[in-house]
Amino acid sequence: MTGPELAEAALLLAAARRPVVFTGAGMSAESGVPTFRDAQTGLWQRYDPQELATPAAFRADPALVWGWYETRRRGVRRALPNPGHRAVAAIAARLPETVVITQNVDDLHERGGVPAPVRLHGSLFAPRCSACARPAPLPSDLPPSAGPPEPHGGAEPHGGAESHAPEAHDGPLDPPACADCGAPVRPGVVWFGEALPSAALAAAVEAASGCDLLLTVGTSALVHPAAEIPLVAARLGAPVVQVNPVPTPLDAICAVNLRGPAGEVLPALVRAAWPDDAVG
Ligand code: BV8
Ligand code: ZN
């Protein structure tokens, strides 16, 4: 990607000291993690993600919902951060006051070099009891027949090691029982109709209120209250730069719209902002 938009966005990034990088599912699309808008595959294609991602769906059929999240978690395990994730880490490395805020429940920002993004919608790697909220261990990915799991030979704890595991069960799966109260364990994500973690939401609003640039990457900006974060920054006069192959409701508030995939645009943006830094 080149052109006047990229040059303009690069000037804004080079001038920034307290940028916010706000990401959605499009950030991980090039890593092979389907976006919410992408059609579901296999058994899951007959379900609407927005229906499955609800407390009501879990109450009605815990095995269906748990199975869906285990399928997604295995998909993320096999995925690797893409050059976009690494470019975000390069921005954070260059500008220590950078705050990365994500709607994603995958762990690709952490594996891409951003240790502690603000997680608005939770994580696939933080299961807890659905009754007493006691954190629960991550189920081993190896099917019982495979015997004791191999020690992670240096592979990242959340990724890669299991990719050789025979294709695990892709379908309904009974959730484990809480070791304390025996209730079903649930995924540590925020479901539709559930409040966002108040500390994460407060940190996101605070960062957006004090930023001098907000980079919004790969979000359709349709899910609230997350979608309001870029508006907070714009309302307080910070320039907003969008990276998305297609227009979104945020176009109108953006100083620059970069139409392209995050995995290509973000490395190009970082190179243009800091030509001296060889990145990606
Ligand atoms: C709540 C975790 C109340 C689970 C998720 C105001 C107005 C309207 C509705 C509401 C409102 N306020 C609340 C609502 C209801 C609801 C909502 O927003 N509904 C929408 C659908 C209309 N919100 C809620 O229910 C929230 N809770 O309001 O609680 C409350 C308050 C107090 C006390 C009690 C209760 C909770 C919302 C969170 C739900 N959980 N995720 C899971 O993952 O399973 S949301 C989930 O969907 C994601 O986390 C993400 O946020 C969203 C998907 O959006 P995106 O990430 O943007 O992804 P999408 O697929 O849509 O788009 C991808 C984009 O990337 C596209 O634009 C595409 O062009 C682009 N792209 C593709 N490839 C690339 C790319 N970009 C760059 N590079 C590429 N390569
Ligand atoms: Zn419990």
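As the structure lists them, so they are numbered: ligands from 1, and atoms in each ligand from 1. Throughout, numbering of the chain's residues begins at 1 and tracks the sequence.
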- Proximal atoms of ligand 1 relative to Tyr69 (non-hydrogen, under 4.0 Å): 4 (C), 42 (C), 44 (O)
- Proximal ligand 1 atoms for Gly218, defined as those under 4.0 Å from one of its heavy atoms: 63 (C), 64 (C), 65 (O), 76 (N), 77 (C)
- Message: Any nitrogen or oxygen of Gln50, side chain or backbone, less than 3.5 Å from one on ligand 1?
- Response: no
- Looking only at heavy atoms, what is the nearest atom pair of Ser130 and Ala183, with distance? OG-CB, 4.2 Å
- Which atoms of ligand 1 sit under 4.0 Å from any heavy atom of Ala25? 55 (P), 56 (O), 58 (O)
- Item | OG1-CG distance between Thr102 and Leu120, expressed to the nearest 0.5 angstrom | 7.5 Å
- Query: Does a side-chain N-to-carboxylate-O contact under 4.0 Å join Arg94 and Asp276?
  - Reply: yes
- Are the charged groups of Asp212 and Arg17 less than 4.0 angstrom apart, N to O? no
- Winner among Val189, Asn244, Leu266, Leu201 once heavy atoms are compared against atom 69 (O) of ligand 1: Asn244
- Between SG of Cys254 and CD of Gln242, what distance do you get to the nearest 0.5 Å? 4.5 Å
- Only heavy atoms count here, so choose which of Leu196, Val65, Leu222 is nearest to atom 20 (C) of ligand 1. Leu222
- Note on the structure: ligand 1 to Val246, heavy atom cutoff 4.0 Å, flagged ligand atoms 69 (O)
- Message: With a heavy-atom distance limit of 4.0 Å, tell me whether Arg72 approaches ligand 1 through its side chain, its backbone, both, or neither.
- Response: side chain
- Closest to atom 14 (C) of ligand 1 among His121, Gln242, Met27, His224 (heavy-atom distance): His224
- Message: Please list, in number order, the atoms of ligand 1 under 4.0 Å from a heavy atom of Ala262.
- Response: 77 (C), 78 (N), 79 (C), 80 (N)
- Item | Lys/Arg-Asp/Glu bridge criterion (N-O < 4.0 Å) met for Glu194, Arg186 | yes
- Message: Can you tell me if Ala226 contacts ligand 1 (heavy atom of the residue under 4.0 Å from the ligand)?
- Response: no
- Task: Give a yes or no on whether a salt bridge exists between Arg73 and Asp107, defined as a side-chain N under 4.0 angstrom from a carboxylate O.
- Result: no
- Message: Distance check, rounded to the nearest 0.5 Å: Leu201 atom CG versus Ser198 atom OG?
- Response: 8.0 Å
- Message: Within ligand 1, which atoms have a heavy atom of Glu194 less than 4.0 Å away?
- Response: 1 (C), 26 (C), 27 (N), 29 (O), 35 (C), 36 (C)
- Query: Does Ser220 reach ligand 1 with a nitrogen or oxygen that is under 3.5 Å from one of the ligand's nitrogen or oxygen atoms?
  - Reply: yes
- Task: Keeping the roles fixed (side chain from Ser31, backbone from Leu80), state whether a donor-acceptor pair exists under 3.5 Å.
- Result: yes
- Query: Rounded to the nearest 0.5 Å, how far does CG of Leu250 lie from CD1 of Ile229?
  - Reply: 11.5 Å
- Message: Tell me whether Arg271 forms a cation-pi arrangement with Trp274, defined as NZ or CZ under 6.0 Å from the six-membered ring centre and within 45 degrees of its axis.
- Response: no
- Per-atom contacts of ligand 1 with Glu30, taking only distances under 4.0 Å to non-hydrogen atoms: 78 (N), 79 (C), 80 (N)
- Rounded to the nearest 0.5 Å, what's the gap from CG on Leu266 to CG on Leu258? Could you check? 8.5 Å
- Do the charged groups of Arg119 and Glu110 touch, with an N to O distance under 4.0 Å? yes
- What do you reckon, is CD of Glu206 surrounded by more than 12 foreign heavy atoms closer than 6.0 Å? no
- When rounded to the nearest 0.5 Å, the distance separating CG of Leu11 from CG of Leu213 is 11.5 Å
- Message: Tell me if the centroids of the rings in Phe58 and Trp191 come within less than 6.0 Å of each other.
- Response: yes
- Heavy-atom proximity to atom 75 (C) of ligand 1, best of Gly260, Pro247, Pro245, Ala29: Pro245
- Message: For ligand 1 and Phe192, I'd like to know whether there is a polar contact (N/O to N/O, distance under 3.5 Å).
- Response: no
- Message: Just to be sure I read this right, does ligand 1 sit under 4.0 Å from the backbone of Val105, its side chain, both, or neither, counting only heavy atoms?
- Response: side chain
- Short list, please: which atoms of ligand 1 are under 4.0 Å from a heavy atom of Gly24? 56 (O)
- Query: By residue and atom, what protein N/O/S atoms are less than 2.8 Å from the Zn ion (ligand 2)?
  - Reply: Cys129 SG, Cys132 SG, Cys178 SG, Cys181 SG
- Task: Before signing off on this row, confirm whether Gly193 and ligand 1 have an N or O atom pair separated by under 3.5 Å.
- Result: yes
- With respect to Leu215, which candidate in Val256, Ile91, Thr98 satisfies the side chain to side chain contact (heavy atoms under 4.5 Å, CB included) definition? Ile91
- Message: Does any N or O of ligand 1 fall below 3.5 Å from an N or O anywhere on Trp68, backbone included?
- Response: no
- Taking both backbone and side-chain atoms of Gln103, is any N or O found less than 3.5 Å from an N or O belonging to ligand 1? yes
- Task: Ignoring angles and geometry beyond distance, decide whether Trp191 reaches within less than 3.5 Å of ligand 1 through its nitrogen or oxygen atoms.
- Result: no
- Note on the structure: Looking at Ala195, Pro49, Ala53, Ser28, the heavy atom closest to atom 31 (C) of ligand 1 belongs to Ala195
